[in-house]
Amino acid sequence: SEQLEEDARNFLNELDARGSQECTEATMSNWKYASDITEEHREEKAAAQLKYAAWEKEAWGRVRKWNGKWETLSDPFLRRQFKFMSVLGTAALPKQDLEKYNNLVTEMSTIYSTAKVCQYKDPKSCKLELEPDLTRILRTSRDYGELEHVWKMWRYSSGRRIRDHYKLFVRLANKAAKLNGFDNMGEMWVYPYESETFRADLAELWEQLKPLYQQLHAYVRRKLREKYGERRISRRGPIPAHLMGNMWSQDWSEVNDLAVPFPGKASIDGYTPRRMFELSEEFFASLNLTRMPSEFWEHSIIEKPQGRDLVCHASAWDFCNGKDFRIKQCTDVTMSDLLTVHHEMGHIEYYLQYKHLPGVFRSGANPGDVPHAGGFHEAVGDVLALSVATPKHLQKIGLLQEVHDDQEEDINFLLKMALEKITFLPFGYLMDLWRWDVFSGKTHEDNWNCAWWDLRFKLQGIKPPVQRSEYDFDPGAKYHIPANVPYIRYFVSFVVQFQFHKALCMKAGEYDPLNPAKPLHKCDIYQSTDAGNLLGKMLQLGSSKEWPEAMEALTGGRRMDASVIREYFKPLENWLKKDNERHGEFVGWETDEVLCTSEL
Ligand SMILES: O=C(CCC(O)(O)[C@H](Cc1ccccc1)NC(=O)c1ccccc1)N[C@@H](Cc1ccccc1)C(=O)O
Ligand SMILES: [Zn+2]
């Protein structure tokens, strides 16, 4: 009835106004702790989280009174708000359990963010931190022993120390999931993807992408064998995990110099973090998207503050008041961090584009909210970075001197992109494959670490440089596990970002499937307001529409489609096949080594 619609609209508006206020308060306390880890800030954050949970419970109780009525509303925009607000989340836990749950996540995240490691050459000096120290060593050192030391000691100082916290966390997480009507927390995490076939679709995407990954793996293994010798890198075995230039072997682009036969690297020396952020803002503005508000520049933390502990892992924050948006990032002046800058700015741009929507359609950065269409949020900045990374664009902005537009440079460029994008796929997939199995009980806590290395071997074709056991907890050495941030969103993003890129490139006239002079990997959408307007229209939807509908608005398609990323890398795939054949490389990996012993 008209009256019911009217009452529902008023009811939701009132909840939304109060919810934004509560959200602002809670986010501020969360920010203060994440940017300055002190006991006082920890207590304040804990209290604010309980206060926010009390509000969520009150709102949920009032929404329930509409059960049986809201389903009959004719406006889908209203129905969808009720649908989202009907799932309470972890606030469903009894107060003591919720307090314990929150404290465990904060404690695990703090152990991770404050972990220190001793120098390889000087065991008495133990002040090395993940950012920037260990990240730099992993990226620049080619000393096998030093890399092994850093890889092992990081896991000793982070993952191993949170194993027991994680046991209790899993129990409480599953208790919360059951109180929400889910079998376990893994089911609650995939619910926002609103698709019965979501997990099957992911498995199919990986099957379609595995052949390309295996070709790349075989090529890189040969290059690393040539560098470190046959004894360390066997012809048919998995690659030792500490040699890929990244602490988690999730991005191999830093071994680019070993893998890519030619120099000609772009350099960002002489830049400052502020310039890096302004460069990114410039790109968004060139697309007729929104520039950063003044509060952003005023309150963001874009360089690591000295003299205090903080969570350095990058994040983008929405303070729920339509004005205050911030990034916290311990920016290092490197090309890799320039990509992270675009990634974080993409989150902020999404916030800015959908800030007019009701709060329930604005997915937040808080790990608590499982953002709907999480994969899109993770893709926005990366889509722009696909244009920025092209030699054509890097030369345009003065980050690359000479550009010769030939086949050699093409393969060179595609190899670097594959070392960043293709090598990530198995990692992006296995992170939650492992966690879903842990939440469902399929992987028992006595086998956590060896189940992790089974997946790391099976999907990534890597092995630990030193044997592991169940005294270790290597998943805990990756931020998103102690911080309880779901990860499948990144796998989704790495697939859909190429679908978005293709649609925007066509709109910008930069890509033409019938014109070999305009292949997808050479496209740069910079300054295309047509492309920007199309992207903006999708961003303004937030999660007010189901994600296939949002995708259709941009790409015309409704499914995740691996054929686009395969098309982008086609020239490289052909080149790798030929090169691996020419060298008689074995494609794939096998081992009879025991990577992890399950004795406790
Ligand atoms: O973790 C990140 C970047 C941090 C973030 O922007 O995804 C951040 C993670 C986070 C931090 C604190 C609480 C929750 C999530 N996510 C956000 O800031 C965020 C999340 C959802 C909505 C809006 C912002 N990237 C992943 C994967 C990745 C993505 C892109 C390139 C390379 C690698 C990684 O580093 O392993
Ligand atoms: Zn992100």
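Read the numbers this way: they start at 1 and go in the same order the structure lists the ligands and their atoms. Since this is a predicted model, take the numbers as computed values, not measurements.
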May I ask you to list the atoms of ligand 1 that are less than 4.0 angstrom from any heavy atom of Lys478? 34 (C), 35 (O), 36 (O)
For atom 3 (C) of ligand 1, tell me which residue out of Glu344, His347, Met247 has the closest non-hydrogen atom. Glu344
Would you confirm whether the ring centroid of Phe325 sits within less than 6.0 angstrom of the ring centroid of Phe319? no
So if I count the atoms of ligand 1 from 1 in the order they appear, which ones are less than 4.0 Å from some heavy atom of Asp382? 30 (C)
For ligand 1, does Ser315 get within less than 4.0 Å through its side chain, its backbone, both, or neither, judged by non-hydrogen atoms? both
Decide whether Asn246 and Trp252 meet the rule of one side-chain donor and one side-chain acceptor closer than 3.5 Å. no
Looking at Trp436, I'd like to know if the NZ or CZ of Arg199 sits under 6.0 Å from its six-membered ring centre while staying within 45 degrees of the ring's axis. yes
Out of Gly346, Gly374, Ala316, whose heavy atom sits nearest atom 18 (O) of ligand 1? Ala316
Which N, O or S atom name in His347 marks its closest approach to the Zn ion (ligand 2)? NE2
Is there a donor-acceptor contact under 3.5 Å linking the side chains of His347 and Glu378? yes
For the rings on His393 and Phe283, is their centre-to-centre separation under 6.0 Å? yes
On the ring face of Trp434, is Arg456 found with NZ or CZ under 6.0 Å from the centre and within 45° of the axis? no
Under 4.0 Å from a heavy atom of His480: which atoms of ligand 1 are those, numbered in the order shown and with their elements? 1 (O), 2 (C), 34 (C), 36 (O)
Interfacing atoms of ligand 1 (cut-off 4.0 Å, heavy-atom, Val485): 14 (C), 15 (C)
Give the single entry among Tyr350, Trp248, Tyr487 that approaches atom 36 (O) of ligand 1 most closely by any heavy atom. Tyr487
Would you name the N/O/S atom of Glu378 that lies closest to the Zn ion (ligand 2)? OE1
Pair Tyr101, Asn484: side-chain N/O donor-acceptor within cut-off below 3.5 Å: yes
What do you reckon, does Gln250 have a nitrogen or oxygen under 3.5 Å from a nitrogen or oxygen of ligand 1? yes
Under 30°, 30 to 60°, or over 60°: which ring-plane class applies to Phe277 and Phe296, parallel, tilted or perpendicular? tilted
May I ask you to check whether Gln497 and Asp382 show a side-chain donor-acceptor distance below 3.5 Å? yes
Of the choices Phe376, Tyr490, Tyr351, which has the non-hydrogen atom that lies closest to atom 27 (C) of ligand 1? Tyr490
Looking at ligand 1, is there an atom of it that comes within less than 4.0 Å of some heavy atom belonging to His313? yes
